[in-house]
Amino acid sequence: MSALDHDTAAPDADAVPGPGRAPADVLFGLVTGYYCSAAIYAACALGVPDVLAGGARGHDEVAASCGADPAALLRLLRMLASTGIVVQGDDGGFELSETGRLLRSEGQDSMRALALQFASPGQQGPWMELAYSVRTGHGAFEHAHGVNVFTYMSEHPEGAAVFNAAMAFLGGQSGAALARGDAYDFSALSTLVDVGGGLGTLLANLLEANPELEGTLFELPHTAEGARKLLTERGLTDRCRVLAGDVFSDPLPEGADAYLLKHVIHDFDDPRATEILGACRRAMAERSRLLLVESVHPDRVEPSALHLRMTGSDLNMLVQLGGRERTEEDFRALLDAAGLRMLGTARVGDLPCGMAGTTSIIEAEPC
């Protein structure tokens, strides 16, 4: 019998209060939640999911392939089995669950880069300085490392590569959903500028779905070269150019039909976010539209898995960048301050993981 013939569903999240859960159990799940993320990060860093990609293996065989201590690796695999990432068979061997298969290196659905990014010591370390961020309102990453995230990544190409791969996965997922046109009709546009578009995965999806559309990707120099490579591989260089620059100091291309910013504004506090929106406003023609793809947060939160993801993302923006997530009224106020008028919002559906149920596209026009 395959190990996957057993029930592989992960246990209910202890961190979300619910009927029948004792308060002490809920609290213990909350304060030890990092156990799971650390175990997943270690498994990915060691290459465990790739070793198990071919089927069930004994822990000693996995340890030999990963260069790990067999006894210690067995303990890691048992922890992963308790979370539903792997399944332990009757013979003691281990096999990836459906969830665990998402951690393999290969495959369009691979979330390995996300795990290496969000569960990494570099990402989680600044969270230990959350009290500093709450006291001061400033990001803990710069407090801990002496430079902001963007400077740090320009100086650490390996970390930047992991970050860009993680964002490319999210961009690919949201790009596929946006390209279907359910939330916004991109086919009505002739020219689109993607501001801070990373490696260009989102823009590439939109261009492939809209053959008449021409695009410009505006990114920081250390990311722009990777975007040129991706767009070349996708055969889109005849309809898309890449401009390297900094939105705080370099002008954006003028007069495009639309200016798209996906999960850019939440990186910044209100003054800096207003600067970015102001730069877009200066480049826009009167007919132009501004499109923000962001998580729109509720005015009131409740104890739920969805709201836990949303509020966690909000604090992560504070810790890492001094930024924040926003409610619809928060976005309206930002847009007003930049000389833009909100026209409406639409939920972007069929998105995976932490984006599910939270991501919207906000349309605005010049006042």
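Since the structure is predicted, the reported quantities are computational estimates derived from the model, not experimental observations. Values below: all heavy atoms of this structure, side chains included; hydrogens, waters and symmetry mates excluded.
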Run Thr311 and Leu315 through side-chain contact (heavy atoms from CB on, under 4.5 Å) and show every step you take. CA-CA 6 Å; Thr311 54; Leu315 280 181; over 6 Å; no

Evaluate the criterion salt bridge (Lys or Arg N to Asp or Glu O under 4.0 Å) for residue pair Asp109 and Arg101; output intermediate values, then yes/no. CA-CA 9 Å; Asp109 62 347; Arg101 288 176 181 173; over 6 Å; no

Full working for ring-ring contact (aromatic ring centres under 6.0 Å, His included) between Phe248 and Phe268: CA-CA 12 Å; Phe248 292 109; Phe268 300 94; 5.4 Å; yes

Would Leu343 and Arg289 count as a side-chain contact (heavy atoms from CB on, under 4.5 Å) if you check the C-alpha gap in whole Å, the side-chain angles of each, and the deciding distance to 0.1 Å? CA-CA 10 Å; Leu343 296 175; Arg289 294 292 181 264; 3.6 Å; yes

Checking Glu208 against Arg234 for the salt bridge (Lys or Arg N to Asp or Glu O under 4.0 Å) test, could you report, in this order, the C-alpha distance in whole Å, the side-chain angles of both residues, the deciding distance, and whether it holds? CA-CA 9 Å; Glu208 288 173 348; Arg234 301 276 286 264; 2.8 Å; yes

Give the C-alpha distance, both sets of side-chain angles, the deciding distance and a yes or no for side-chain contact (heavy atoms from CB on, under 4.5 Å) between Phe94 and Arg78. CA-CA 9 Å; Phe94 294 88; Arg78 285 168 58 82; 4.2 Å; yes

Take Leu260 and Leu202 through the side-chain contact (heavy atoms from CB on, under 4.5 Å) test and state the conclusion after the steps. CA-CA 10 Å; Leu260 174 68; Leu202 170 58; 3.8 Å; yes

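Applying the side-chain hydrogen bond (donor to acceptor under 3.5 Å, both in side chains) criterion to His59, with sequence neighbours excluded, gives no partner residue. By the ring-ring contact (aromatic ring centres under 6.0 Å, His included) test, His222 pairs with no residue at all, sequence neighbours left out. Partners of Arg272 according to the salt bridge (Lys or Arg N to Asp or Glu O under 4.0 Å) rule, which considers only residues two or more places apart in sequence or in another chain, are Glu275. Annotation: ring-ring contact (aromatic ring centres under 6.0 Å, His included) contacts of Phe186 (sequence neighbours excluded): Tyr184. Residues forming a side chain to side chain contact (heavy atoms under 4.5 Å, CB included) with Arg228 (at least two apart in sequence, or on another chain): Ala224, Glu225, Val242, Ala244. The side chain to side chain contact (heavy atoms under 4.5 Å, CB included) search around Thr151 returns Val147, Asn148, Ser154, Glu155, not counting sequence neighbours. Partners of Asp91 by side chain to side chain contact (heavy atoms under 4.5 Å, CB included), not counting sequence neighbours: none found. Here Val296 pairs with Glu328, Phe331, Ser360, Ile362 under the side chain to side chain contact (heavy atoms under 4.5 Å, CB included) rule; sequence neighbours left out.
A distance of 11.0 Å separates CG of Leu77 from OG of Ser82, quoted to the nearest 0.5 Å. A distance of 10.5 Å separates OG of Ser288 from CD of Glu365, quoted to the nearest 0.5 Å. Note that the CZ atom of Arg112 and the CG atom of Leu103 stand 9.0 Å from one another [nearest 0.5 Å].
Identified under the ring pair (Phe, Tyr, Trp, His ring centres under 6.0 Å) test for residues 274-323, with sequence neighbours left out: none. Among pairs with a residue in residues 29-47, those fulfilling side chain to side chain donor-acceptor pair (under 3.5 Å) read Ser37-Gln124, at least two apart in sequence or across chains. For residues 127-145, the set of pairs meeting the side chain to side chain donor-acceptor pair (under 3.5 Å) definition, not counting sequence neighbours, comprises Trp127-Asn316.
Atom CZ of Arg287 sits in a crowded spot, with more than 12 heavy atoms from other residues, nucleotides or ligands closer than 6.0 Å.
Counting only heavy atoms from C-beta outward, the side chains of Glu325 and Met317 approach each other to under 4.5 Å. Using a 4.5 Å heavy-atom cutoff, the side chains of Val48 and Leu73 are in contact. Proximity of His263 to Thr359: side-chain heavy atoms (C-beta onward) are separated by under 4.5 Å at one or more points. Side-chain contact check for Arg324 versus Asp314: some heavy-atom pair is nearer than 4.5 Å. In this structure the side chain of Ile40 reaches within 4.5 angstrom of the side chain of Leu80, judged on heavy atoms.
Connectivity analysis of hydrophobic side chains (ILVMFWY, heavy atoms under 4.5 Å, direct or indirect) links Val301 to nothing; its cluster partners are none.
Here the closest heavy-atom approach between residue Cys66 and residue Gly47 is recorded as SG-C, 4.1 Å.
Of the N and O atoms on the side chains of Asn205 and Arg180, not one donor lies less than 3.5 Å from an acceptor on the other residue. When only modelled atom types and interatomic distance are considered, Arg104 and Ser110 share no side-chain donor-acceptor pair under 3.5 Å.
Each of Ile276, Val247, Asp194, Leu292 was compared with Val264 under the side-chain contact (heavy atoms from CB on, under 4.5 Å) criterion, and only Ile276 meets it. Applying salt bridge (charged side-chain N to carboxylate O under 4.0 Å, His left out) to Arg326 and the options Asp267, Asp270, Asp269 leaves one that passes, Asp270.
The hydrophobic clustering, which links ILVMFWY residues whose side-chain heavy atoms are closer than 4.5 Å, places Leu252 and Leu277 together.
In this structure, Glu212 contributes its side chain and Ser187 its backbone to no donor-acceptor pair below 3.5 Å. Of the possible polar contacts, one joining the Glu219 side chain to the Gly198 backbone as a donor-acceptor pair under 3.5 Å is found.
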